[in-house]
Structure formats: structure tokens, C-alpha cells
Amino acid sequence: MSYIPHTKKIALVDCNSFYVSCERLFKPHILKKPVVVLSNNDGCIISRSSEAKVLGIKMGDPYFKAKEIIIKNGVYVFSSNYSLYGDISRRVMRILKYLVPNIEIYSIDEAFLDLSSIPNNMISSFGEKVRDTILQWTGIPTSIGIAKTKTLSKIANHIAKKQKSGIVNLIGIENIDLILEKIKINDIWGVGRQTSKFYIKLGINNAKQLKNISNNWIKNNSNVLASRTAMELRGISCIDLETYQAKRKTCCVSRSFGEKVENFQILAESVASHSLNAAEKIRSESLLAKAITIFIRTSLFQNKKIFYSNSKTIDFPIATDNSIEIVKNALGGLKSIFKKGYKYQKTGIILSGLLDSKKTHNLFSSSKEKRIKSLMKSIDYTNYRYGRSTLSLADAGLNKKRNIRRKYSSKIDTANFDCLPIVKVN
DNA sequence: TCTGGGGTCCTAGGACCC
DNA sequence: TCTGGGGTCCTAGGACCC
């Protein structure tokens, strides 16, 4: 009996300029117009419509640097609105799950689909069906790349984004060298800035060259990740689809300030507020944290002499999801690293060593802990029912919204009744 | 004036053990 | 003077992703 390797067929569905497309859903007049979406605090450009890309606006550029082009060309600008993007993303993913049983949600705007059971001659038309359904049911345009491995499907998707059809299928193409030759080394999934530099120095400039290099050479000169990428370019699948949602291992909440902060009390309020958000997040996922890290820093773009960055990690005696305990430790940690006289730009906390609370039993569980548990439950429920921060801790301050720039908010939130658009009837 | 936020995995090196 | 060999576990930092 011989083993016949099962050929995989993997599609990567990627929403086009996702955040921009979400904003466009409620503003049809900005269709076909240049649009950008800014990061928190209106700092950087994190989503661009194709019309904005043509103008030379780069991904990740600070807003103030691109401002001239933006004003000159009448580019529409939006502050980011994550509750809207999260909601639209869930709708897109639900449709994908409905169409394909095995999918891996890879990011807010991307998913891998397992199309292995679909015959080769029907793959492309199935892709079209996926694309049409998402567009019709949500209004979000997508691009789809299909190939034998995740890395190749990423490449197919990269090409699809530039084509009108929006679909590129590499399944059944005998020799893809001609295609890979046109893919720059730094456009390959898993090859970042550092590795690109390394390859280019050696004259390896495109995906075809990386594909045809000997695996031994890579193993000796690089690491397992690089050899995996090369294998995947050859059509040998090394990176499996993760169709079940693994529990996360860390939970980070951090923010920059709109204006630099010297005052300890304001830092403390932001750290407390981040801690509360993180605690709520892990409770909603039934997780317990073993440790918390608190970090603060001044701006990276200022004089190095006045730069200060520090962090403190504190282990909890028993893994916890208790907001009160988490905030108390966060504030203790902050006190230990705070230095007077610096203009702080950012604070954050990381909960780590996350465990599944359903699988964790505490030997010393007391009635006091049960009471805290039910307190946390009612806080979460109240905040869910009546809006975030209806119930909070005094440590987090009463006016948290100050000191965050969101000048260009579209004020649309599909998950909040107060933000429903108003239709006037004459 | 103004430069995001949230993740994962791998690796090298130290601590520790017998 | 001469100071083994082999293993595990943990952690910090780097690289990558969106």
C-alpha cells in the first residue's frame, strides 16, 4: 500500500482596505474617493483606500507627515473606530463559516479557508461565490488567493489585490516560477525586514530564488522558520490551518497619551483603567492571569537624554481575574518604576501566564473569593448592559476620555444604540 | 506641536540539577 | 597547575504578523 499525499487547497480571504471599507458602509459618497483611517490618538495612517495609495500615502506613516498630501488632494480622514470594525469583522467571519466548515480566523480582516474537498475545476467559481456573498451581505469587498499552502495563498492574495477579478487561483498551475519571480523577497509572508536584508545581501531577491535554494543551506545559515517558508513556496504544506480558536497566552492593554504626562496621579489612573479593561477581557474569555507587567515610557522620538522606559512584573500568589487585586498590584508596580520629572508618553499593562479558569481549581478557595467572583460577574453584566465603565473603580478616575485625540471620529457604532444614525422624514 | 496597539513564536543564555 | 558532561527549565529580547 502506498501513501498518497493529500493535496491541500487553501484560500486566503482578505478584506480590501478593511477599516476604510467599514467607514464607507455608512457614507456612500466616499466610495471611489481617497480615504484614510488613523491609529489611536490620530497618530499614524493604518488603512488606505486604493485611491489614497496612488497618492503615495504610505502605511504606518505619521499623520502629520502626510498632512500636506491629504489636504491638497481632499483625502477623507477618519479616527479609528474599533467597535465598528470588530462588529463588521464578526459578520464577515460568520458568513465564511457558513460557507466553509473549516476556517482559521487569522486577523480582524483575514481568514484561511480549507477548500481541500472541492474539485479543482470548481475552485475558482467557489471563490467567486464567497466573494460575492460577502459583498452582498455586508458590503465589504474582498480579495481571495488560492494555493496549496498558506504561504502561497498569501502570495496569490497579494496578486489578487491588484487584479480586477479579485481572485487568483494557483491550484493546477504546473510551474509557478514565473509568478514567484515577480514577488519581492520582502513581500513573502514570514520574511520581515531583518531577514530580507540578510537575503538581499546574498543576492536572493525574489520568491523564486528562495524557493529554489537548498533546504540544507537554509538550515545551516538560518532557522527553522525560514526553511518552513521555503518548503511552503515549493508547495509542501508545513503550516497547518488552526481551525479551533486557541486560548490566548497574554493580554495587553496600552495607550499613548494625547499630551505628555508628568503627573503621577494621571499615570495611575491610566494604569488602573488599562488593568480594568484587561481584567474584563480575560474574564470574558474564562482566563486567569499568573502575572502582571506594568510598563511606562517617554517618547521614542525625543532627545535620548530625557528618555526613560521601565517595567515591573509582579507574580500573583494565585492565578486571578479579580479586578481589585489586579489594579492594586498594577498601582504598586507603577509606584516602583515611576520617576519624577519625565514627560511620559505611554503606559500599559500585560497579563501573562493565562490559564483556562474552567480547568483550574484553587485548593484554598474561600467564601470571600466566591463573593468577589459574583461581584465581578455583576460588574461585567452591568457594563455590558449599560455601557462600558458604568461601574468602575475610583482608582481609574472619573473622566477617562480626556487626553485621547479622536478628532475625525465618524461616530458610528453598530453595537451602541446611542450611535444609531438618524433618518429625518419630512 | 503631532510617530498605534496587540499578539505569537523562536533562540540564546543563565540557573540549576545530578 | 589541572576544574566534566549532560540535561531541564525559565526568561528576555528579537523577529515576525496584522
Rounded C1' spacing from B/dG4 to C/dC17 in Å | 15 Å
Heavy atoms only, 4.0 Å cut-off, all strands: where does [X] land among base, sugar-phosphate and nothing?
X: A/Glu242; value: nothing
X: A/Lys154; value: sugar-phosphate
X: A/Ile45; value: nothing
X: A/Asp42; value: nothing
X: A/Leu225; value: sugar-phosphate
X: A/Asn223; value: sugar-phosphate
X: A/Glu259; value: nothing

Rounded distance in Å - [atom1] ([X]) to [atom2] ([N]):
X: A/Phe295; N: B/dG7; atom1: CZ; atom2: C1'; result: 12 Å
X: A/Gln245; N: B/dG7; atom1: CD; atom2: P; result: 12 Å
X: A/Ile105; N: B/dG6; atom1: CD1; atom2: C1'; result: 17 Å
X: A/Glu232; N: C/dC17; atom1: CD; atom2: P; result: 14 Å
X: A/Phe198; N: C/dC16; atom1: CZ; atom2: P; result: 12 Å
X: A/Phe112; N: C/dC17; atom1: CZ; atom2: P; result: 12 Å
X: A/Asp315; N: C/dC10; atom1: CG; atom2: P; result: 12 Å
X: A/Tyr199; N: C/dC16; atom1: OH; atom2: P; result: 10 Å

What do you reckon, is NZ of A/Lys335 surrounded by more than 12 foreign heavy atoms closer than 6.0 Å?
-> no
Has A/Lys182 got more than 12 heavy atoms of other residues, nucleotides or ligands less than 6.0 Å from its NZ?
-> no
Which nucleotide in [options] has an atom nearest any side-chain atom of [X]:
X: A/Lys346; options: B/dG4, B/dG5, B/dG7; value: B/dG5
X: A/Cys252; options: B/dG4, C/dC16, B/dG6; value: B/dG6
X: A/Trp189; options: C/dC18, C/dC16, B/dG4; value: C/dC18
X: A/Val224; options: C/dC17, B/dG4, B/dC10; value: B/dC10
X: A/Phe64; options: B/dG4, C/dA15, B/dC2; value: B/dC2
X: A/Ser254; options: B/dC10, B/dG6, B/dG7; value: B/dG6
X: A/Ser256; options: B/dG7, B/dG5, C/dA15; value: B/dG5
X: A/Cys44; options: B/dT3, C/dC16, B/dG7; value: B/dT3

Ignoring backbone atoms, test whether [X] places a side-chain nitrogen or oxygen under 4.0 Å from the OP1 or OP2 oxygen of [N].
X: A/Thr195; N: C/dC16; answer: yes
X: A/Arg255; N: B/dG6; answer: yes
X: A/Lys260; N: B/dT3; answer: yes
X: A/Arg228; N: B/dC10; answer: yes
X: A/Ser39; N: B/dT3; answer: no
X: A/Lys58; N: B/dT3; answer: no
X: A/Gln345; N: B/dG4; answer: yes
X: A/Ser80; N: B/dG4; answer: no

Within the stacking criterion (centroid distance below 5.5 Å, interplanar angle below 30°), does A/Phe301 stack on B/dT3?
-> yes
Between A/Glu242 and A/Lys150, is the closest basic N to carboxylate O distance under 4.0 Å?
-> no
Charged N-O contact under 4.0 Å between A/Glu23 and A/Lys27 = yes
For C/dG13, give its Watson-Crick or G-U wobble partner with both distances under 3.5 Å, or none.
-> B/dC10
Among side-chain atoms of A/Ser323 and A/Arg283, is any donor-acceptor pair under 3.5 angstrom?
-> yes
Hey, which sits more toward the 5' end of DNA chain B by its nearest nucleotide, A/Tyr19 or A/Lys281?
-> A/Tyr19
Run through A/Asn329, A/Thr347, A/Val271 and flag the one making a side-chain contact (heavy atoms from CB on, under 4.5 Å) with A/Ile294.
-> A/Val271
Flag, side chain of A/Ser222 to backbone of A/Ile218, donor-acceptor distance under 3.5 Å = no
Check the pair A/Ile167, A/Val130 against side chain to side chain contact (heavy atoms under 4.5 Å, CB included), reporting the backbone distance first and the verdict last.
-> CA-CA 10 Å; A/Ile167 296 183; A/Val130 169; over 6 Å; no
